[in-house]
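Numbered from 1 within each chain, the chains take letters A, B, ... in sequence-line order.
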There are 2 protein chains.
Amino acid sequence: LIVVRELVRTYRMGEVTVQALRGVSFAIDQGEFVAIMGPSGSGKSTLMNMIGCLDAPSGGSYQLAGVEVSALSDEALSELRARTLGFVFQRYQLLPRQTALQNVEMPLIYRGVPSAQRRWRARIALTIVGMGERLDHRPNQLSGGQQQRIAIARALVGSPSVILADEPTGALDTATGAEIMALFQRLNRIQGVTVILVTHDPEVARYAGRVLRVRDGVLIGDGPPPAR
Amino acid sequence: LIVVRELVRTYRMGEVTVQALRGVSFAIDQGEFVAIMGPSGSGKSTLMNMIGCLDAPSGGSYQLAGVEVSALSDEALSELRARTLGFVFQRYQLLPRQTALQNVEMPLIYRGVPSAQRRWRARIALTIVGMGERLDHRPNQLSGGQQQRIAIARALVGSPSVILADEPTGALDTATGAEIMALFQRLNRIQGVTVILVTHDPEVARYAGRVLRVRDGVLIGDGPPPAR
Ligand SMILES: Nc1ncnc2c1ncn2[C@@H]1O[C@H](COP(=O)(O)OP(=O)(O)OP(=O)(O)O)[C@@H](O)[C@H]1O
Ligand SMILES: Nc1ncnc2c1ncn2[C@@H]1O[C@H](COP(=O)(O)OP(=O)(O)OP(=O)(O)O)[C@@H](O)[C@H]1O
Ligand SMILES: [Mg+2]
Ligand SMILES: [Mg+2]
């Protein structure tokens with residue numbers, strides 16, 4: 001499903017060059033549950049942006065569902081992304097002037113889903129993450145963990161075949177975090193959804209079947225999750 | 001140092017009323033290391049905003065260093081806050097158009113510290129949190145955990161007597177998080193800095209001498225940190 005080869009991402013700011021990714025290669029099959037771990041600044045979010053088709057690499061190749069992503073037009077890319085992926089951003093990236101419901105409806109608006117159906121599906125997604133009573137709240141009227149859950153609901157509402165989640169339980173207490181991880185687990189085991197998540201938490205990584213370890217923009221490990 | 005009595009905070013949005021804090025009472029002495037824990041949406045950040053003089057309660061009283069905070073003028077309040085407190089926000093709240101260095105200099109600009117000294121102290125604070133090589137980067141050129149460390153450096157740069165930190169290691173890998181907690185521990189034990197932090201992580205809470213547990217805007221526990 002996902003084939004990444006020698007992926008490079010370099011940021012240039014005047015004289016300074018940051019090599020966020022320095023040649024990363026791996027493959028992920030449909031139905032896998034993969035965790036990405038590594039120190040702060042090691043390239044995890046950069047890698048997620050590549051996989052999520054939100055950013056283009058400086059070098060190397062990325063194939064998603066057999067398609068070379070760099071060969072696609074912007075339009076075809078947006079369409080592939082909307083159809084296939086659900087993304088939970090590290091900083092949530094909610095629209096501040098939209099309500100929780102409107103934020104979660106966004107992916108369905110993009111897909112042309114009719115409004116009654118869209119509203120219904122968004123309500124369900126919000127209820128699943130425990131935010132069913134906050135539909136009309138705006139992000140700045142919600143706690144950090146509540147905002148994170150809105151972002152998770154938005155990633156799920158389009159029933160994507162791949163969920164990319166950048167530290168999806170970072171702002172959640174243990175009990176709520178466990179509920180969200182159980183949800184991802186069900187989607188993975190029962191519906192075959194491919195889950196790729198970034199985490200610093202070994203407890204979260206244990207839900208995955210496989211852990212990719214990153215350090216300084218390089219893959220330094222690819223194996224089972226940390227033992228207890 | 002900190003005396004909170006029957007603190008109430010109610011948010012009204014049209015017909016909906018959210019009771020974020022429903023009458024919270026406790027006292028914290030100079031030199032204590034306190035953790036605040038509780039479910040997502042339970043009122044922790046709201047309580048931190050009260051203690052940090054960033055928000056006024058709807059009811060009850062709050063005394064800081066013997067002064068009733070609600071009796072102060074805005075000016076006197078800002079001055080007390082700048083002199084006494086260092087705050088790490090849950091969402092970091094960095095100025096997006098300022099560099100890391102400029103962001104960390106802010107509290108010292110407010111205090112009228114001369115520019116050479118200010119720059120020097122900001123550099124030291126950034127080096128202490130491992131961000132010494134990113135002085136000229138802007139927040140959107142930094143990873144989540146790097147931004148969080150800038151926010152921590154900014155809270156420390158004024159050598160405050162009280163540090164308020166809302167989930168200060170949420171975006172950090174285990175090793176970096178442990179470095180930050182060791183830093184807070186040194187400031188507390190060696191320099192007598194009062195540390196009050198919100199966390200979801202029992203590992204972090206164990207650095208504290210005392211844990212205040214919140215649920216639905218009410219204090220439900222006040223005792224030692226969770227056992228291993
Ligand atoms: N500006 C606001 N307007 C309306 N309601 C608010 C506002 N800020 C917070 N709330 C509500 O007050 C309650 C407490 O929020 P608070 O941010 O203190 O929770 P928290 O314990 O910090 O949660 P988390 O662990 O998710 O960060 C929540 O129900 C939240 O939705
Ligand atoms: N827009 C940008 N411009 C310049 N440098 C950047 C940019 N975005 C990220 N970087 C740098 O690229 C490196 C990797 O960043 P990335 O966000 O992928 O790290 P991360 O592993 O997600 O870290 P964290 O765990 O702290 O979220 C970091 O050194 C970061 O400073
Ligand atoms: Mg990141
Ligand atoms: Mg909070």
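Ranked by non-hydrogen atom pairs under 4.5 Å with chain A, the options A171(B), G177(B), G38(B) are led by A171(B). Your options are G145(A), G144(A), S40(A), and the one with the most heavy-atom pairs under 4.5 Å with chain B is S40(A). Contact tally against chain B (heavy-atom pairs below 4.5 Å) for S45(A), P39(A), G130(A), G43(A): the top residue is P39(A).
For the pair R186(A) and F184(A), the NZ or CZ position fails the cation-pi test of under 6.0 Å to the six-membered ring centre and within 45 degrees of the ring normal.
Looking at Q146(A), the atoms closer than 4.5 Å to chain B (heavy atoms on both sides) sit in the backbone and in the side chain alike. Interface residue Q147(B): only side-chain heavy atoms are found under 4.5 Å from chain A. Proximity to chain B (any heavy atom under 4.5 Å) is restricted, for R134(A), to the side chain, taken from C-beta onward.
Between the side chains of N49(A) and T46(A), no donor-acceptor pair of N or O atoms lies under 3.5 Å. Q102(A) and R97(A) share no side-chain donor-acceptor pair at under 3.5 Å.
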Pair L197(B)-I36(B), side-chain contact (heavy atoms from CB on, under 4.5 Å): steps then yes or no: CA-CA 6 Å; L197(B) 54 78; I36(B) 299 173; over 6 Å; no
Derivation of the side-chain contact (heavy atoms from CB on, under 4.5 Å) call for E167(A) and D201(A): CA-CA 9 Å; E167(A) 301 190 42; D201(A) 188 346; over 6 Å; no
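At a threshold of 4.5 Å between non-hydrogen side-chain atoms, the residues M13(A) and V16(A) count as touching. Using a 4.5 Å heavy-atom threshold, the side chains of V24(B) and E6(B) count as separate. Side chains of F89(B) and L54(B) form a contact here, defined as non-hydrogen atoms less than 4.5 Å apart.
Contacts between residues 210-227 of chain A and chain B, defined by a heavy-atom separation under 4.5 Å, are made by no residue at all. Contact residues of residues 150-160 of chain A toward chain B are absent (heavy-atom distance under 4.5 Å).
A208(A) and V34(A) get closest at one heavy-atom pair: CB-C, 4.0 Å.
Q141(A) places a side-chain N or O within donor-acceptor distance of the main-chain N or O of R138(A), the cut-off being under 3.5 Å. Using a distance-only test at 3.5 Å, with no hydrogens or angles considered, a donor-acceptor pair links the side chain of R81(A) to the main chain of C53(A). Formation of a donor-acceptor pair under 3.5 Å by the Q90(B) side chain with backbone atoms of D166(B) is not found in this model.
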